[in-house]
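Contents: one structure, followed by commentary.
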Amino acid sequence: MFSRNKIILILQTIVLLILLLTYFISIDLSLNTNNSIWILCLVFISFSLLILRKEYCNEIKQQYVRVMPVFLFAYCIVYFQLHIDYILGNFDETNTRFWVNTKIVPKSLAISAIGFVSFIIGYSYQLSNVTTKAIIHKKHSTFPLKIFSLVFLFGMFITINPLYVLGGYGLFDMGDFARYFSILFELSITALIVQNVINLSTSNKQDYTFIRYVLSFGLLPLLLITLYLLVVIISGDRGPLIYLSMAFISSFIVLAKHKLSKLKIISSIIVVSFIISGLVSIRSNRTNTSFFNKVYTGITEGVKPYKALRGIDSFSNSTLELATSVRCLHNTVHNVPSNDGYFLGRFQLFQLMTVIPLGQLVLTDLYNLKRFETTSERYITYLAGGTDGSEGTACVADLYLDFGLLGVTIGLLLFGFFIRFIEIRSLSKNTPSLIVLSCYIVFCQYAIYIPRSSILLNVRNIIWVIIIIKLSQLITNFKFTPYNEK
């Protein structure tokens, strides 16, 4: 006899098959309301089935701050918000800046929906509760990690472009060295968070509040993070604020097994929306006025991230800029495979090569490739007529460029299965292994960003976080620094 979850999984598969049929029908369609409503209804059915699914893992029940909910929330914004606005009459088909070509929009929407359902099927596949073995971790001093963070932040400060700091995000380049130091600083802070969770989990104290947990990092890391966030916020960049906040929140949940109430989550979303709207106002203001003038203009005149969006009143203006990332998929489907063939894994390989310093450069020279042929964001920017990856990418477009619809279906199905795997092992009663914990915290950090980037981007981050932790542990094992943790 079939259980509820098996029946739901069968129904999800049926929805996927209907979407695949819709995809082949949509190839010859132009943008129209009826087709958009039909596909979005199938997406809604799939999401409803996910909610009806019985959760066997007690630690995941009513735990809304984890990778899957955040990823699906951002996915719906990126791939479905403009379509909902189109149905509501807020966004018409004449806006080719984002539709690119109305004849490929139904096909793109069907691809997005197939990716959505594939992820849910992959996530739902592991039906029974998974027991995790207890792992005995050894405490290590976080002093080397704090020194790494200090050095990387200092390196960023002495190499950063001053014009970038003064509200110049999107106007001026921060500088290559400053960008590398910035990435290394964020990774060293993530490594510090992972190591701190391991250290605290070995103690007998289990009554941590979020404030006590944050204070356990000590004065120096908190001061460094404050200085770093101050610089990036003034520049108009909102990413690091979200990533580091999610790292602290997700790691606290892993440690304390604390479940946030729906009221706290909704309140946090509202506050974050206002902050993001303010930062969008800063970065979209291209005048050379001061930071505070840009903030004032954003409050008094509203958020206008693109000229093509001026005069448009979305049902969710605070997420409208993120929603416009769907243009990456539209540019992709418009050109591939009609003008260019599939890249057969090249972009995924180049993404993995970011783990090795200068790895992409070596491959580029080895195969005599042009710069725009090395990553999906550069290729999509080339298609849009931009330069140096400014157009960005999207996870569905990234998979589609390499392997077409099959790549989107299998890629997101496997990604859903993997996310389920690390969630169960990270949120169970036992502290997960270093690799699983690093994977979980990194994917939580960037869950809201993954739909408008590459999934494999986080592989580099995870490997470098583990390398930084192992290097720190190696230093402490040689007793170059005394262990003095609270």
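Keep in mind it's a predicted model, so treat the numbers as computed, not measured. Only heavy atoms go into these numbers, but all of them, side chains included; no hydrogens, no water, no symmetry mates. Throughout, residue positions are numbered sequentially from 1 according to the sequence presented.
Nearest heavy-atom pair, Val436 versus Pro432, reported as atom, atom and distance to 0.1 Å: CG1-CB, 3.9 Å. When all heavy atoms of Thr393 and Ser454 are compared, the pair lying nearest together is CG2-N, 4.2 Å. Ile234 approaches Val165 most closely through the heavy-atom pair CG2-O, 3.1 Å. Residues Trp464 and Val355 share a closest heavy-atom pair of NE1-O, 2.8 Å. Of all heavy-atom pairs spanning Ser188 and Ser149, the tightest one is OG-OG, 3.0 Å.
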> Would Phe403 and Phe343 satisfy ring-ring contact (aromatic ring centres under 6.0 Å, His included), going step by step from the backbone distance to the final call?
Replying inline: CA-CA 7 Å; Phe403 303 109; Phe343 290 83; over 10 Å; no
>> Between Tyr446 and Tyr243, is the ring-ring contact (aromatic ring centres under 6.0 Å, His included) condition met? List the steps.
In response: CA-CA 6 Å; Tyr446 297 98; Tyr243 309 149; 4.6 Å; yes
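Taking the six-membered ring where the residue is Trp, the centroids of Phe71 and Tyr75 are separated by under 6.0 Å. Centroid-to-centroid, the aromatic rings of Tyr123 and Phe415 stay 6.0 Å apart or farther. Remark: aromatic rings of Phe185 and Phe152 are distant, center separation not under 6.0 Å.
When the options Tyr440, Phe443, Phe119, Tyr125 are evaluated for a ring pair (Phe, Tyr, Trp, His ring centres under 6.0 Å) with Phe418, the one that passes is Phe443.
Put simply, the side chain of Ser338 gets close to the backbone of His334: a donor and an acceptor are under 3.5 Å apart.
Note on ring orientation: taking the six-membered ring where Trp is involved, the planes of Trp99 and His330 are tilted (angle from 30° to 60°).
Between the side chains of Gln195 and Asn199, at least one donor N or O sits under 3.5 Å from an acceptor N or O. No hydrogens or angles considered: nothing links the side chains of Tyr213 and Asn196 as a donor-acceptor pair under 3.5 Å. For the residue pair Glu186 and Tyr228, a side-chain donor N or O sits within less than 3.5 Å of a side-chain acceptor on the partner. In this model, a donor atom of one side chain and an acceptor atom of the other lie less than 3.5 Å apart for Gln348 and Asp398. In this model, no donor atom of one side chain and acceptor atom of the other lie less than 3.5 Å apart for Thr375 and Gln351. Side chains of Thr319 and Gln81: a donor-acceptor N/O pair is present below 3.5 angstrom, by distance only.
Applying the 6.0 Å contact sphere to OH of Tyr342 captures more than 12 heavy atoms from other residues, nucleotides or ligands. The number of heavy atoms from other shown groups lying within 6.0 Å of CZ (Phe47) does not exceed 12.
Side-chain atoms of Ile189 and Ile193, non-hydrogen and from C-beta on, do get closer than 4.5 Å to each other.
By the salt bridge (charged side-chain N to carboxylate O under 4.0 Å, His left out) test, Asp365 is found to be paired with no residue, residues two or more places apart in sequence or in another chain being considered.
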